[in-house]
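What you are looking at is a predicted structure, and each value in this text was computed from that prediction instead of being measured. So you know, we letter chains A, B, ... as the sequences are listed, proteins then strands, and number each from 1.
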Amino acid sequence: MTLRLFNTLSGQLDPLTPSDGKTLRMYACGPTVYDYGHIGNFRTFLQIDVLRRFLRLAGMEVRHVMNITDVDDKIIRNAAAAGVPIGAYTAKYEQAFFEDLEALRVERPEQIARATEHIPRMVELVERLAEKGAAYRTEDGSWYFRLAAFPAYGKLSKKDLSGMEDGARVDVDEYEKDSARDFALWKAAKPGETSWETSIGRGRPGWHIECSAMAMTYLGESFDLHAGGEDLMFPHHENEIAQSETATGKQFARHWMHVRFLLVDGRKMSKSEGNFYTLRDLLLKGYKASAIRLALISVPYGRQLNFTFDGLIEATNAIERLRTFRARLTDGAFAAGENPVLQAAAKQASVDYREALADDLNTAGARAPVFELVRSANTAMDQGQLFIRDRDAILAVLKDFDAVFDVIEDRDAEPTRRALAWAEQAGRMGDVAPELLARQSITDEQVDALLAERVQAKKQRNFARADAIRNELTQKGIVIEDSKDGVRWKRR
RNA sequence: GCACCGGUGGCGAAGUGGUUAACGCGCGAGUCUGCAAAACUCGUACGCGCGGGUUCGAUUCCCGCCCGGUGCUCCA
């Protein structure tokens, strides 16, 4: 099954295929580690995770490289303010970033590339450009890319630079550039700033050269796919193309994928708007990591997603339906045999699910056949018309669903526990929702003990006591389900 | 100003030139239950932003308009 993925470069749906026929080589722009990640960041990484998981479900191998920008203006500024070396400053946020990815079940790329560990490769690339006359050094020792050297500039973002004036806005530090649009490849060291002594002088890399150099290091001069947030299309990706293709004379990435922005309550998320949320903020408010994951991936990557708390609740409830359903299948006792109607339904769901994803990663469309199967299987179970082979066929569909969505298997306790531990240590306990604390106040063993007592009470038809226990548990976020197969409970 | 994306039920959202416009959440009624929960059944858009056009026929194609968002500067 081939994925047809919108290609920003061609402006149409193109099949995404590995040029070597085997392993898809992809590069995705990672974070700048100067703060905790917010949910907008994570929507992008989550959607790229959907991509790589689907490719592997479809039988493709993936070699995915992600950079970590661990040197830039903000980092230098913040580290200086905190009075620590940039390495110490970024290590904390890099670790937090990976913890957050883990909480959201985002798979680790095959290769992580830190900018500070690839300085020589960046310097080489600048030298290569200089040899071709596409890079020049200014008086202060910085290096710039000469836009005039790359006539195709603008082909990705479809910008016609000829109509654009060299703006009035000229950075005071950049007055020496040949043209206002020429961009920095290498920034000369300023006193006291972190810098590297290299053959092109003392300084530090520009942001764009970083990605070009690292992508080529791990994937070669030409590779299959480059992905990132839509905001990176211009100028970052455009600049990457210009410098890379000028240096090598080859096409840089064949396919470009851009994840659309996330809005919060219909507005772009920003600290000044007061609608800015990190993953940790949401976990402390009591939302589950799985719900956040599902909410952020259920709207296909090519569309803006309007994030709301109602959406998070919707996702929570949808996941509950799936989890309850699967528990019914795994806990129940079924007779041998099969129901041809369900066999056909499972097969159809599996096909429809994959086809939706293969169509430009239509996650919203892919959910539908799975939920349809849930309903028909629930109906069959109610009627005693679901058999062992049906159960197995349906569980296989759920497994495929989780291979990409990864929300049915309940792994929510750990991220919440870790967020609470972090809040404690970071002095953020005041941000923890009271309901979350109430939920944490009872252990699994205590729940089991109370439920055992309730079963006894019910047997003696002491419903007052039974209901009192249920109420007490409800207060602590425990939901009870009495079924023919026994009592099931879960945490809200 | 220029460019791009979108406007489908109470909310999110899929989709199609032509039978009953997916799916999820919510809500209402019922079945089941000691009562719940879960599950199931039924109901919940006389309609797919507005106005034209093309067509035997448009929510789906074309044009215009309105509204929302984003990009054009650091930003996932």
- request: Show the numbers, then the answer: is there a ring-ring contact (aromatic ring centres under 6.0 Å, His included) between A/Tyr287 and A/Phe309?
  value: CA-CA 9 Å; A/Tyr287 296 100; A/Phe309 288 102; 5.5 Å; yes
Who pairs with B/G68 - Watson-Crick or G-U, where each distance is under 3.5 Å: B/C5
- prompt: Between B/A76, B/C72, B/C40, which nucleotide gets closest to the side-chain atoms of A/Thr379?
  reply: B/C40
message: So does A/Ile209 get a backbone contact from the side chain of A/Ser212, meaning a donor-acceptor N/O pair under 3.5 Å?
response: no
- prompt: Rounding to the closest angstrom, what is the interatomic distance between B/C48 and B/A58 at atom C1'?
  reply: 11 Å
statement: Closest to the 5' end of RNA chain B, once A/Arg267 and A/Lys74 are matched to their nearest nucleotides, is A/Arg267
statement: Closest heavy-atom pair, A/Asp281 versus A/Phe276, reported as atoms and distance to 0.1 Å, is OD2-O, 3.9 Å
- request: Provide the distance between the two C1' atoms, one in B/G7 and one in B/G51, to the nearest whole Å.
  value: 16 Å
message: Among B/A76, B/G6, B/C75, which nucleotide has an atom closest to any side-chain atom of A/Leu232?
response: B/A76
- prompt: A/Tyr36 and A/Phe97: aromatic ring centres closer than 6.0 Å?
  reply: no
- request: If the plane angle is over 60° it's perpendicular, under 30° parallel, otherwise tilted; pick one for A/Tyr153 and A/Phe150.
  value: perpendicular
- request: Have a look at A/Val370 and say if it touches a base, only the backbone sugar-phosphate, or nothing, with a 4.0 Å heavy-atom cut-off.
  value: nothing
task: Select base, sugar-phosphate, or nothing to describe what A/His236 touches, counting heavy atoms under 4.0 Å on all strands.
output: nothing
query: Does a side-chain N-to-carboxylate-O contact under 4.0 Å join A/Asp467 and A/Arg470?
result: yes
Taking N or O atoms only and anything under 3.5 Å, show me the protein contacts with nucleotides 19-23 of chain B, one pair per line.
unit_1	atom_1	unit_2	atom_2	d
B/A22	O2'	A/Glu372	OE2	3.4
B/C23	OP1	A/Arg375	NH2	3.0

Short side-chain N/O contact to B/G69 OP1/OP2 from A/Asn306, under 4.0 Å: no
message: Can you check the distance between B/G24 and B/C61, where both ends of the measurement are the P atom (answer in whole Å)?
response: 27 Å
query: What is the nucleic acid contact for A/Glu230, judged by heavy atoms within less than 4.0 Å: base, sugar-phosphate only, or nothing?
result: sugar-phosphate
message: In terms of relative ring orientation, are A/Phe145 and A/Phe183 parallel, tilted or perpendicular, with 30° and 60° separating the classes?
response: parallel
- prompt: Across all strands shown, which nucleotide pairs with B/C11 by Watson-Crick or G-U wobble geometry, both distances under 3.5 Å?
  reply: B/G24
field: Inter-nucleotide P distance (B/G12, B/U8), Å rounded
entry: 7 Å
message: At 4.0 Å (heavy atoms only), tell me whether A/Ile313 reaches a base, stays on the sugar-phosphate, or touches nothing.
response: nothing
message: At 4.0 Å (heavy atoms only), tell me whether A/Pro300 reaches a base, stays on the sugar-phosphate, or touches nothing.
response: sugar-phosphate
query: Quantified in whole Å, what is the C1' atom distance between nucleotide B/C4 and nucleotide B/C46?
result: 36 Å
- prompt: Is the shortest side-chain N/O distance from A/Asn378 to OP1 or OP2 of B/C40 below 4.0 Å?
  reply: yes
message: Heavy atoms only, 4.0 Å cut-off, all strands: where does A/Gly40 land among base, sugar-phosphate and nothing?
response: base
message: Of the listed nucleotides (B/G24, B/A14, B/G15), which one gets closest to any side-chain atom of A/Glu314?
response: B/G24
query: Is A/Asp482 reaching over with its side chain to a backbone N or O of A/Val487, donor-acceptor style, under 3.5 angstrom?
result: no
field: Separation of the P atoms in B/U60 and B/U19, to the nearest angstrom
entry: 14 Å
query: With both distances kept under 3.5 Å, what pairs with B/G57, Watson-Crick or G-U wobble?
result: none
message: Please encode protein proximity along nucleotides 27-38 of chain B as a string of B, S and -, counting only heavy-atom distances under 4.0 Å.
response: -------BBBBS
- prompt: How many Å lie between CG on A/Asn317 and C1' on B/G12, as a whole number?
  reply: 13 Å
task: Please say which of A/Leu13, A/Leu225, A/Asp14 ends up in a side chain to side chain contact (heavy atoms under 4.5 Å, CB included) with A/Leu5.
output: A/Leu225
- request: Using the C1' atom on both, measure B/G10 against B/G28 and round to a whole Å.
  value: 13 Å
- request: Could you tell me whether a side-chain N or O of A/Arg323 sits under 3.5 Å from a main-chain N or O of A/Val407, the two making a donor and an acceptor?
  value: yes
message: Considering every strand and a 4.0 Å limit on heavy-atom distances, what is the contact class for A/Asp73: base, sugar-phosphate, or nothing?
response: nothing
message: With rounding to the closest Å, how many angstrom separate the P atoms on B/U44 and B/U70?
response: 37 Å
field: Pairwise distance CZ(A/Phe307) to CG(A/Asp265) - rounded to 0.5 angstrom
entry: 8.5 Å
query: Which of these nucleotides, B/C72, B/A14, B/C75, is closest to any side-chain atom of A/Arg181?
result: B/C72
task: Could you work out which one of B/C25, B/A13, B/C5 sits closest to the side chain of A/Arg260?
output: B/C5
